[in-house]
Amino acid sequence: MDDRDHPPRAGRRRTAEGLTPPGRLELTRRPGTGPDISLLGNLTGALVVELGCGSGHNLAHLSTHATRCIGIDHDPSKVDRARALYGHLPRLRFLHGDAAERLRNLAAGSVDVCLSIFGALSFAAPRPLLAATADALRPGGQLLVVLRADDHHDYITVLARR
């Protein structure tokens, strides 16, 4: 998600960099609706990877709950924007590249949660990305996927790795 999905409200200006993490995880196209972070359980000590992180808003929020967060995006301008907005946060980093390839560079079983919130699983070939995700997730790790069902509804699915 980025400003094209949720433009700033009239009269509200954002600073160009160094934003405070948002106070809520946004899983739908309507801010303030839908499940909150409790959907993922306790994230203390977790490694969270977002596949298609966009401007990094959701991952910035999650970085206040998890030990480490990694955002991956194929679009270098989105990675640059995420770094400008949230690169100052200590437990958060953003990487440019193919999500499946970046996941394959992580140790097998090292990731606690993978997210694709209107992200890479909406755009990339699912088979290689799902295979790389399964390898990266620890047993019991979770994959949260949010997809657009239609113009007014979104699908939210959480899968657990066996």
Side-chain angles (χ1 to χ4, degrees), residues 1-2 5-6 19-29 34-149 154-162:
M1 279 188 229
D2 59 21
D5 295 308
H6 300 292
L19 287 181
T20 301
R24 177 178 162 81
L25 180 66
E26 296 293 353
L27 296 178
T28 69
R29 289 173 282 167
D36 62 14
I37 194 170
S38 65
L39 180 69
L40 297 172
N42 183 359
L43 294 176
T44 303
L47 170 57
V48 178
V49 177
E50 187 170 11
L51 312 172
C53 63
S55 296
H57 304 301
N58 279 321
L59 206 57
H61 172 75
L62 291 171
S63 75
T64 65
H65 299 275
T67 300
R68 290 184 305 145
C69 293
I70 301 171
I72 303 167
D73 207 293
H74 196 264
D75 183 341
S77 64
K78 289 188 178 187
V79 172
D80 289 344
R81 179 162 170 77
R83 287 176 180 155
L85 295 174
Y86 301 111
H88 64 284
L89 298 176
R91 296 184 298 243
L92 179 58
R93 68 183 185 151
F94 297 100
L95 304 173
H96 169 253
D98 177 76
E101 184 178 317
R102 289 290 190 171
L103 282 173
R104 284 191 293 271
N105 290 331
L106 297 173
S110 65
V111 177
D112 298 288
V113 177
C114 278
L115 311 168
S116 178
I117 304 170
F118 308 113
L121 283 167
S122 297
F123 305 106
R127 182 170 288 186
L129 184 52
L130 288 171
T133 300
D135 288 342
L137 283 172
R138 67 165 173 77
Q142 300 176 85
L143 169 62
L144 181 143
V145 180
V146 182
L147 303 169
R148 293 176 185 198
D154 303 318
Y155 288 125
I156 300 172
T157 303
V158 180
L159 303 169
R161 171 87 164 84
R162 290 184 187 192

Checklist entry - So, Gln142 side chain and Leu40 main chain: donor-acceptor pair closer than 3.5 Å or not? => result yes
Checklist entry - How long is the span from the CG atom in Asp75 to the NE2 atom in His96, to the nearest 0.5 Å? => result 7.0 Å
Checklist entry - If you take all heavy atoms of Phe118 and Leu147, which pair is closest and at what distance? => result CE2-C, 3.9 Å
Item to check | Exercise: identify the closest heavy-atom pair between Leu89 and Ser63 | outcome: CD1-OG, 3.8 Å
Checklist outcome for this item: Interatomic distance, CD1@Ile72 vs CD@Glu50, rounded to 0.5 Å, equals 9.5 Å
Checklist entry - Is a donor on one side and an acceptor on the other found under 3.5 Å between the side chain of Asp73 and the backbone of Val79? => result no
Item to check | Flag side-chain contact, heavy atom, 4.5 Å: Leu103 against Asp135 | outcome: no
Checklist entry - Name the one of Asp98, Thr133, Leu115 that satisfies side-chain contact (heavy atoms from CB on, under 4.5 Å) with Leu51? => result Thr133
Checklist entry - What residue among Arg81, Arg93, His57 forms side-chain hydrogen bond (donor to acceptor under 3.5 Å, both in side chains) with Tyr86? => result His57
Item to check | Closest heavy-atom pair and its distance - Leu129, Ala124 | outcome: CD2-CB, 4.2 Å
Item to check | Minimum heavy-atom distance between Gly56 and Ala82, given as atom pair plus value | outcome: N-CB, 4.1 Å
Checklist entry - Between Asp112 and Leu43, is any pair of side-chain heavy atoms under 4.5 Å apart? => result no
Next on the checklist: As an exercise, state the distance from OG of Ser110 to CZ of Arg68, rounded to the nearest 0.5 Å.
Outcome noted: 7.0 Å
Next on the checklist: Run the side chain to side chain contact (heavy atoms under 4.5 Å, CB included) test on Arg24 and Asp36 for me, step by step, so that the C-alpha distance in whole Å, both residues' side-chain angles and the decisive distance to 0.1 Å come before the verdict.
Outcome noted: CA-CA 7 Å; Arg24 177 178 162 81; Asp36 62 14; 3.7 Å; yes
Checklist entry - Rounded to the nearest 0.5 Å, how far apart are CG of Leu144 and CD1 of Ile156? => result 7.0 Å
Checklist entry - Shortest non-hydrogen contact from Ile70 to Leu106? => result CD1-CD2, 4.3 Å
Checklist entry - Taking C-beta and beyond as the side chain, do Leu137 and Leu143 meet within less than 4.5 Å on heavy atoms? => result yes
Item to check | Between CZ on residue Arg91 and OG1 on residue Thr64, distance to nearest 0.5 Å | outcome: 7.5 Å
Checklist entry - Got a sec: does the CZ of Arg138 have more than 12 other heavy atoms crowding it under 6.0 Å? => result yes
Checklist entry - Closest heavy-atom contact between Ser116 and Ser122? => result OG-N, 4.4 Å
Item to check | Heavy-atom check, side chain of Leu92 versus side chain of Leu62, under 4.5 Å | outcome: no
Checklist outcome for this item: Rounding to 0.5 Å, atoms CG (Leu25) and NE2 (His61) come to a distance of 5.5 Å
